[in-house]
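Below is one structure, written out as structure tokens; the observations come after it.
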Number of protein chains: 2
Amino acid sequence: MDEPKPLRPTSEATLRRLPIYHHLLQKRLSTGIKTISCSQIAEELDYDATQIRKDLAVTGIKGRPKVGYDLAALILSIETFLGWSRVRKAFLAGSGHLGSALLGYNRFSHYGLDIVAAFDRDPDRVGTKVHGREVLPINKLAGLAKRMRVEVGIITVPAPVAQEVADFMVSGGIRAIWNFAPTKINVPAGVIVQNEDLYSSLGVLLQKLSAAHRLV
Amino acid sequence: MDEPKPLRPTSEATLRRLPIYHHLLQKRLSTGIKTISCSQIAEELDYDATQIRKDLAVTGIKGRPKVGYDLAALILSIETFLGWSRVRKAFLAGSGHLGSALLGYNRFSHYGLDIVAAFDRDPDRVGTKVHGREVLPINKLAGLAKRMRVEVGIITVPAPVAQEVADFMVSGGIRAIWNFAPTKINVPAGVIVQNEDLYSSLGVLLQKLSAAHRLV
DNA sequence: TTACAGTAGAGAATTATTTCTCGATTCTAC
DNA sequence: GTAGAATCGAGAAATAATTCTCTACTGTAA
Ligand SMILES: NC(=O)c1ccc[n+]([C@@H]2O[C@H](COP(=O)([O-])OP(=O)(O)OC[C@H]3O[C@@H](n4cnc5c(N)ncnc54)[C@H](O)[C@@H]3O)[C@@H](O)[C@H]2O)c1
Ligand SMILES: NC(=O)c1ccc[n+]([C@@H]2O[C@H](COP(=O)([O-])OP(=O)(O)OC[C@H]3O[C@@H](n4cnc5c(N)ncnc54)[C@H](O)[C@@H]3O)[C@@H](O)[C@H]2O)c1
């Protein structure tokens with residue numbers, strides 16, 4: 001009776017909902033309340049209370065009947081589970097429109113990510129500063145990543161060069177890639193890729209709008 | 001025997017995958033090939049071929065055994081299904097970091113979306129131009145949306161004011177909202193909201209990275 | 001012509017996720 | 001104290017999504 005559970009990894013759906021709860025909980029924290037129940041969260045977000053209870057359970061938090069969860073403890077539990085309590089260094093490749101927006105967003109450091117430098121191929125960009133971070137030549141990425149023990153790579157370059165940039169990241173020892181380019185990138189086993197495809201989101205929105213049209 | 005099928009709406013998972021196929025198909029189109037099969041797509045994207053077949057079926061495309069699908073017809077079928085073939089006007093609220101990045105991205109017009117104007121509350125921003133689009137005062141949003149028959153609203157304002165901006169959009173007759181603020185917005189029935197929560201994406205990435213650490 | 005291999009499409013089986021049900025617990029009010 | 005209401009937590013049931021299986025079709029090559 002050593003490993004009775006197969007210990008499945010947490011479902012992606014649950015992982016995506018946890019930050020949504022986190023936003024709400026933080027908002028509530030500032031109002032001064034001390035506890036919150038699943039039914040209250042459910043009411044606010046229009047989710048099913050049982051689903052929220054199961055989601056929160058994966059973080060290891062324990063609630064009390066009739067009361068709910070301790071708000072501060074719950075926030076901490078989510079942050080710990082998601083890996084937001086330990087800040088990891090990140091390199092961003094492609095300091096264009098989207099890359100600059102991410103660099104300008106100083107809130108990621110509260111969510112486990114510290115973008116320490118940006119990289120680009122364009123000589124006009126290299127050497128400039130974007131929101132306080134220096135832009136370095138892309139060919140320095142791998143070496144620096146290794147030296148600085150950078151764990152996360154962010155790809156905001158055009159799709160045709162995304163694979164090449166990902167290869168630099170992998171060779172620099174980066175083990176998790178946040179990919180904003182609308183293309184699949186191939187990485188060796190053990191490297192985590194999280195695609196953020198805005199077209200998928202846009203596709204869902206516009207399809208629903210079109211479908212609504214067709215019905216009415 | 002009039003409505004034998006309940007006609008369920010297409011699942012969100014399928015809707016999110018269709019744009020991913022679209023990216024690949026477009027890339028293939030430029031190589032000159034004329035047809036493509038599910039097994040080829042599956043090989044490339046590391047998906048299950050049957051899943052791809054079922055996904056593509058919802059767009060109404062018909063394939064031929066041993067051959068696959070006509071590439072150009074398939075692309076068109078996806079575009080039509082997702083509502084990308086008819087371009088809809090959009091207003092963007094919040095011309096900050098992220099809003100500017102979206103305004104600078106001229107490719108959305110090929111994907112059914114034409115951002116025609118931006119809105120902001122900051123007097124320093126109002127009156128300027130961001131990537132060719134004028135920034136107008138936020139209090140003009142509702143009236144102009146109604147007059148110009150704008151269908152889509154994009155929210156890139158800070159979370160605490162997202163609801164207020166959404167209300168302006170709804171009162172201007174906007175029926176689909178692409179929300180980048182990390183907060184729930186409440187809208188009347190019939191209005192479509194698509195949340196694009198970068199923290200969800202980041203949460204998935206970092207949790208997987210943490211979990212990988214724990215195992216090794 | 002004929003065998004063969006690759007593939008779409010439909011439906012069944014499997015797996016994953018969400019929702020329901022119920023017992024146990026804990027707070028509040030009487 | 002005791003009754004009642006709210007809620008957690010665990011397991012069962014229902015629902016949804018994915019993967020498997022089989023048949024029929026189509027092009028290619030012997
Ligand atoms: N901006 C958006 O709103 C938006 C929306 C959806 C998707 N995207 C995707 O995000 C990515 C970036 O978009 P963007 O609008 O910021 O583009 P952009 O052209 O503004 O920026 C791209 C940057 O990458 C740099 N670059 C090009 N090749 C490089 C290389 N080999 N190595 C390092 N840097 C290189 C360029 O010099 C440029 O600075 C694209 O893949 C795009 O499809 C952007
Ligand atoms: N920039 C990013 O990388 C990033 C990442 C994740 C999430 N987000 C989210 O996107 C949103 C925008 O982020 P940002 O970095 O662009 O912020 P930002 O501060 O650069 O831009 C916000 C803009 O909204 C305007 N604004 C404020 N109140 C307004 C109102 N009532 N009406 C109209 N305009 C108003 C401001 O003047 C400013 O121009 C935020 O909700 C943020 O959480 C941004």
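None of these values were measured; they are calculated from a predicted model. A, B, ... follow the sequence lines: proteins, then strands. Residue 1 opens every chain.
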Smallest separation among heavy atoms of [X] and [Y], with atom names:
X	Y	result
A:Val157	A:Ala181	O-CB, 3.6 Å
A:Leu113	A:Ala90	CD1-CB, 3.9 Å
B:Ala166	B:Ile155	CB-CD1, 3.9 Å
A:Arg121	A:Val161	NH1-CG1, 4.2 Å

Next on the checklist: Please tell me whether A:Gln51 and A:Asp55 have a donor and an acceptor in their side chains that are separated by less than 3.5 angstrom.
Outcome noted: no
Specify the separation, in whole Å, of atom [atom1] of [X] and atom [atom2] of [N].
X	N	atom1	atom2	answer
B:Lys66	D:dT26	NZ	P	13 Å
A:Arg8	C:dT18	CZ	C1'	14 Å
A:Lys54	D:dG11	NZ	P	9 Å
A:Asp70	D:dT7	CG	P	16 Å
A:Tyr69	D:dC8	OH	C1'	6 Å
B:Leu74	C:dA8	CG	P	10 Å

Checklist entry - For DNA chain C, what residues of residues 30-53 of chain A have any heavy atom nearer than 4.0 Å? => result A:Asp48, A:Thr50, A:Gln51
Item to check | Within residues 12-20 of chain B: residues closer than 4.0 Å to DNA chain C (heavy atoms) | outcome: none
Item to check | side-chain hydrogen bond (donor to acceptor under 3.5 Å, both in side chains) partners of residues 100-118 of chain B, not counting sequence neighbours, each pair once | outcome: A:Tyr199-B:Tyr105
Checklist entry - Should the pair B:Trp84 and B:His22 be assigned to parallel (<30°), tilted (30 to 60°) or perpendicular (>60°) ring geometry? => result perpendicular
Checklist entry - Going from CG on B:Leu102 to CG on A:Leu98, what distance comes out if it is rounded to the nearest 0.5 angstrom? => result 8.0 Å
